[in-house]
A.B. asks: 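Let me begin by handing over the structure; questions about it come next.
No hydrogens, no waters, no symmetry mates; every other heavy atom, side chains included, goes into these values.
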Amino acid sequence: MSVVVRFAPSPTGYLHIGGARTALFNWLFARHHKGKYLLRIEDTDPVRSTKEAVDAILDGLHWLGLDPDEPPVFQSTRFARHREVAMRLLAEGKAYRCYATPEELEAMREKARAEGRPMRYDGRWRDRDPSEAPPGVPPVIRFKAPRTGETVIEDLVQGTVRVANEQLDDMVLLRSDGTPTYMLSVVVDDIDMGITHIIRGHDHLTNAFRQKQLYDAIGAPCPAFAHIPLIHGPDGTKLSKRHGALAVTEYRAMGFLPEAMRCYLLRLGWSYGDKEFFTDEEAIALFDISGVGRSPSRFDMAKLLSVNAHFLRLKSDAELIELVRPFLAELGLTAEGEGARRLAAGMPGLKARARTLVELARGAAFYLRPRPLPVQPEGAQRLDAAMREALRALVPVLEAQEVWEETALEATCRAFAETHGLKFANLAQAVRVALTGSLVSPGLFEVMVILGKDEVIGRLEDAAAGRNPIADGAN
RNA sequence: GUCCCCAUCGUCUAGAGGUUAGGACACCACCCUUUCAAGGUGGAAACACGGGUUCGAGUCCCGUUGGGGACGCCA
């Protein structure tokens, strides 16, 4: 049997970390088994579903490289089919019309709450004759669920999970306005789409019992279930906006790489011995549901940053130059001609110091900004009058420098510091500020070589003359 | 409240009855060093608790505690 899986988000919000990981596991599982990975948009609630959310989900999946193998199925287009199945169950006596009013249901809930019992529909219309139906009340169609025995799920992750049927009530299949509910739609669509494995969040585990009963009633084989543990926030509670349940596209904006995102998400709840990093090929070859753990994990930004830094360093300089362009643009910078040349030359030194593309852009900015360079406040403090004098004195020395390469420049600067009675480290920091506007940068002499003699002398003169504006700290 | 699930360093996890309980992130120290990173070396850091079963339990069973999830004419 060939594997068919689906990712089935409801378009009521953005694709967040949890959804992204569910999609990833489905995608990986399908690739591993050479099966199909489908996308179904569960837009059966017209009030909460939006076009923007659909686009955001599609965009997020695309960025992560998790495009579905076929065009997405919109659940709302399949109402007629869902209704058809409901009517068939009704005709077969496996479902019935219920005329209970919202008020009655609310009263039932109140009573259950007061008695400390689970809030369940009491089945008052289950065996009642339709002739007793109150006039003018549009009924819902309820599933006639088994009342005794138990329902058992063989979950690929959770193992055997069972629940007593008394715990479950007669769920609504068709609302009084004739629209199908989620529970019905999911089952019918999964049957029609030929889904073999349902891989989804653990929060759906209890739904699985009801869905299992529906499969049985419809007479369709039940797909294999794999309920993967949820991702929690750093404090162990439900992942929320303030934790990082941001749209995955927010991570794109923060300068994360999709492959880093995938790798991080993969290792959240799944592992393969001590292996930490996986290429896509490795992940596809090694991924299996049996490697998925059962306990929930917490989202950890520090680890994500570290993983991203790892994948950033794996990128070629040429790739990085293209990837960083949009982030440079946000700083109002472009890298053309001389700027592109400097960026390419400086990339090895830059990328070792950046964990994200945002950090990379910020670190690269000094190569691209026009003179006089803005300097950060902490850096400006290093340029006191005495140090400015020293920089002024350094200018002619460097102008006389014939061999403009790292070791020669270092020798020159060390000798200069010695003859002027300066600690080399202090001189170096002052020069660093003059050349980069910051106390932190790639190697000083590497920077000198990449900037070139004229630019270096120009920047030193700016600093000596106190021409640099103070950066506003935004960068 | 009822039902279901979960429980190894702060975090992600390895561990399928006998291990000095391993790795990664973060943290600390040292090395390197012109800053910051990167890199290298080392360190601190865990089996929630209580009962069983067993010659032997992080591993199996039960309970407790703690955490999470589900309980809609939402999905």
A.B. asks: A:S76: which residues meet the side-chain contact (heavy atoms from CB on, under 4.5 Å) condition with it, sequence neighbours left out?
C.D. replies: A:D43, A:F74, A:F79

A.B. asks: Write out all pairs satisfying salt bridge (Lys or Arg N to Asp or Glu O under 4.0 Å) with one or both partners inside residues 5-25 of chain A, taking only residues at least two apart or from two chains.
C.D. replies: A:R6-A:D190

A.B. asks: Taking side-chain contact (heavy atoms from CB on, under 4.5 Å) as the test, write out the residues that go with A:K453, two or more places apart.
C.D. replies: A:W404, A:I457

A.B. asks: Enumerate the protein-to-nucleotides 58-61 of chain B contacts in which both atoms are nitrogen or oxygen and the separation is below 3.5 Å.
C.D. replies:
none

A.B. asks: For nucleotides 37-41 of chain B, list the nitrogen or oxygen atoms of the protein found under 3.5 Å from its nitrogen or oxygen atoms, one pair per line.
C.D. replies:
residue, atom, partner, partner atom, Å
B:A37, O2', A:A352, O, 2.6

A.B. asks: Listed in order of residue number, which residues of residues 403-413 of chain A have a non-hydrogen atom at under 4.0 Å from RNA chain B?
C.D. replies: A:E410

A.B. asks: Do we get A:R40 above A:F7's six-membered ring, with its NZ or CZ under 6.0 Å from the centre and within 45° of the axis?
C.D. replies: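 No, a cation-pi geometry is absent between A:R40 and A:F7.
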
A.B. asks: Apply side chain to side chain donor-acceptor pair (under 3.5 Å) to A:Y96 and A:D170, showing your working.
C.D. replies: CA-CA 10 Å; A:Y96 60 94; A:D170 291 348; 2.6 Å; yes

A.B. asks: Could you tell me which residues satisfy side chain to side chain donor-acceptor pair (under 3.5 Å) with A:K423, sequence neighbours excluded, listed by chain and number?
C.D. replies: none

A.B. asks: For the C1' atoms, the ones on B:A57 and on B:C47, what distance do you get once it is rounded to whole angstrom?
C.D. replies: 11 Å

A.B. asks: Which pairs pass salt bridge (Lys or Arg N to Asp or Glu O under 4.0 Å) with one or both residues in residues 286-300 of chain A, sequence neighbours excluded?
C.D. replies: none

A.B. asks: How would you list, by chain and number, every residue that makes a side chain to side chain donor-acceptor pair (under 3.5 Å) with A:E319, sequence neighbours excluded?
C.D. replies: A:S316

A.B. asks: Name the pairs: protein N/O against N/O of nucleotides 7-11 of chain B, kept only if under 3.5 Å.
C.D. replies:
none

A.B. asks: What residues, two or more places apart in sequence or in another chain, satisfy side-chain contact (heavy atoms from CB on, under 4.5 Å) together with A:D155?
C.D. replies: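 side-chain contact (heavy atoms from CB on, under 4.5 Å) list for A:D155, sorted by chain: A:I153, A:V157, A:Q158, A:L205, A:F225, A:H227.
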
A.B. asks: Could you tell me which residues satisfy side-chain contact (heavy atoms from CB on, under 4.5 Å) with A:L314, sequence neighbours excluded, listed by chain and number?
C.D. replies: A:H310, A:F311

A.B. asks: Counting only side-chain heavy atoms from C-beta out, which of B:C71, B:C73, B:C36 sits nearest to A:R120?
C.D. replies: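 The closest nucleotide is B:C71.
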
